[in-house]
Amino acid sequence: MDDDEPIPLDDDLLLPLLFSPPLPADDDDGGGVSPTPSWVYLDASAYVSPDAVSNATTAVSTTTTGVRIHVSFCLARPPRLSYLCVHCPRPGDGEGAYRFTVDPQVLGTHTNVALLRVPHPNDGLHRGIKSYDYFVYTARPGPGASSLRLLPNPRVSPFRNEEVAIVRCSGGARYVIACLMPTIRRPMEFKIRRFDSDVGRWKSTAVSISEPVERDRVLPIPDTASQVVFHCTTKVITLGGTIGWVDLWRGILLCDDVLDQHPVLRDLPLPKPARSNRKSFCRGPPHHYRDITVVVQDSVPTCIKYVEMETRPGDRPPPRQRQPPQHSDDSDSDEEEDVAYYWKANIWSMPIPVGSWEDWQMECTVDVTDIAVDNVRFSELLPKIGNDPEETLRRLVTGFPTLGMDGDVISFLSKINRLDDKGWVISVDLRSKTLQGVAELDERKNFLFKRYYNTSEISKYLIKATGLFYNCCTIIVK
């Protein structure tokens with residue numbers, strides 16, 4: 001069989017087509033107009049819709065396999081998730097829509113551009129690097145003016161979501177996509193795989209790290225670490241034209257000009273871990289208790305904010321309702337319940353332009369035992385597992401902090417038990433220490449105890465493109 005021929009798949013291996021959830025009524029003023037959100041929580045995984053979702057953000061293109069693809073953004077105010085809808089109609093009337101083996105992904109956004117990765121919608125599994133297409137979505141003023149550009153295939157293995165960035169260059173339509181990849185020769189040697197929209201092709205360039213490289217002095221890898229590499233990118237941030245590849249355990253590799261013929265990285269270590277977290281430093285994935293973001297005001301990045309959570313013994317959540325054992329030898333199993341540890345979040349900030357490691361400043365601390373719930377509507381949205389909303393907050397299993405791009409809000413992923421399908425995004429005001437919002441996740445997609453969403457400012461440009469805060473979901477929900 002030729003490498004490019006699809007391998008027939010059993011229907012059970014294909015992801016279901018999903019009608020996206022309706023936009024809540026309180027996201028607008030009753031007339032369809034909503035306050036413009038300066039940023040949103042954007043679901044990284046798109047909905048693949050059986051029907052076309054059409055609004056003023058919709059853009060259309062064609063995949064490399066000749067399939068038409070429609071993409072539309074559906075927006076909601078944080079902490080609710082905004083999301084992308086993808087629809088690939090089959091040829092002919094009434095033939096339905098193509099399905100995928102994996103979800104289309106939003107890999108990154110910057111100002112009015114978004115980088116999308118879409119598997120080939122052919123109901124089959126392709127081998128090798130040609131199984132994905134990459135598109136750049138550009139929001140433009142006016143209904144139907146937004147575009148979807150198919151990129152040349154990068155001819156490398158699919159990018160990890162955590163290591164690729166898209167950056168809109170100032171003063172024009174040019175943008176750059178850049179992925180930082182380690183080489184196999186030396187631990188501190190990297191190359192940048194980049195795409196320049198003006199040139200229209202991918203290029204790999206070796207990159208050096210300027211001195212001093214401080215993280216080995218400031219945050220040396222302990223003997224107990226499970227991650228022993230110099231740098232493993234777990235998130236990418238953009239500071240205007242500067243890209244920062246972040247290892248949430250140890251530091252940021254900043255590149256001020258990825259288009260330079262000889263780009264240079266500079267090392268910025270993160271703040272030292274809290275004393276209670278030193279035993280777990282560099283062990284396992286860092287996202288559960290750490291996050292970083294760039295605060296943007298009037299479209300200008302003003303500072304970097306970083307959060308680290310600490311935990312201490314708390315109360316057990318209610319017992320999970322287990323399913324009856326499927327086999328007799330399972331009857332003696334007794335899965336240990338989660339403990340909902342009390343937590344606090346330490347928030348640090350670094351002004352832009354970025355200086356040295358010594359410029360990190362502890363800004364504030366949010367302790368779960370100090371959070372006030374003074375809004376009746378928010379308290380009613382919380383699950384009922386305590387005598388009052390404050391007790392409920394303390395008893396929820398909570399992690400995956402996400403800092404808002406306005407610098408005022410932090411959100412967490414919370415569940416009653418870690419293995420439950422149902423989960424909530426809970427937002428807290430950093431200054432008043434009050435609950436600012438509660439949103440239940442769509443458990444058809446977001447069922448694991450894992451963060452599926454990222455912050456994005458593309459909403460500002462989508463609102464300008466539509467003029468209205470469209471509830472596109474009313475078109476497709478039946």
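One side chain, R149 or Y175, offers a donor N or O that lies under 3.5 Å from an acceptor on the other. Residues D374 and T434 bring no donor and acceptor atom of their side chains to less than 3.5 Å of each other. When only modelled atom types and interatomic distance are considered, Y83 and D442 share no side-chain donor-acceptor pair under 3.5 Å. A donor atom on one side chain and an acceptor atom on the other are not found under 3.5 Å apart for T302 and Q297. There is no side-chain donor-acceptor pair under 3.5 Å between S146 and R140. For S197 and R174, the side-chain atoms include no donor-acceptor pair closer than 3.5 Å.
Note on ring orientation: taking the six-membered ring where Trp is involved, the planes of F400 and H288 are tilted (angle from 30° to 60°). The aromatic rings of H231 and F190 sit perpendicular, their planes meeting at an angle over 60°, well past the 30° parallel limit.
Side-chain atoms of L107 and I177, non-hydrogen and from C-beta on, never get closer than 4.5 Å to each other.
L413 pairs with exactly one of T398, L396, L441 by the side-chain contact (heavy atoms from CB on, under 4.5 Å) rule, that one being L441.
Within the cation-pi definition used here (under 6.0 Å to the ring centroid, within 45° of the axis), R80 does not qualify as a partner of Y41.
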Report task. Mind running side-chain hydrogen bond (donor to acceptor under 3.5 Å, both in side chains) on T111 and Y461 for me, showing each step along the way? Result -> CA-CA 7 Å; T111 63; Y461 305 90; 4.9 Å; no
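The minimum heavy-atom distance linking T293 with M405 is given by the pair OG1-CG, 4.1 Å.
Side-chain rings of F73 and Y137 approach one another, their centers coming within less than 6.0 Å.
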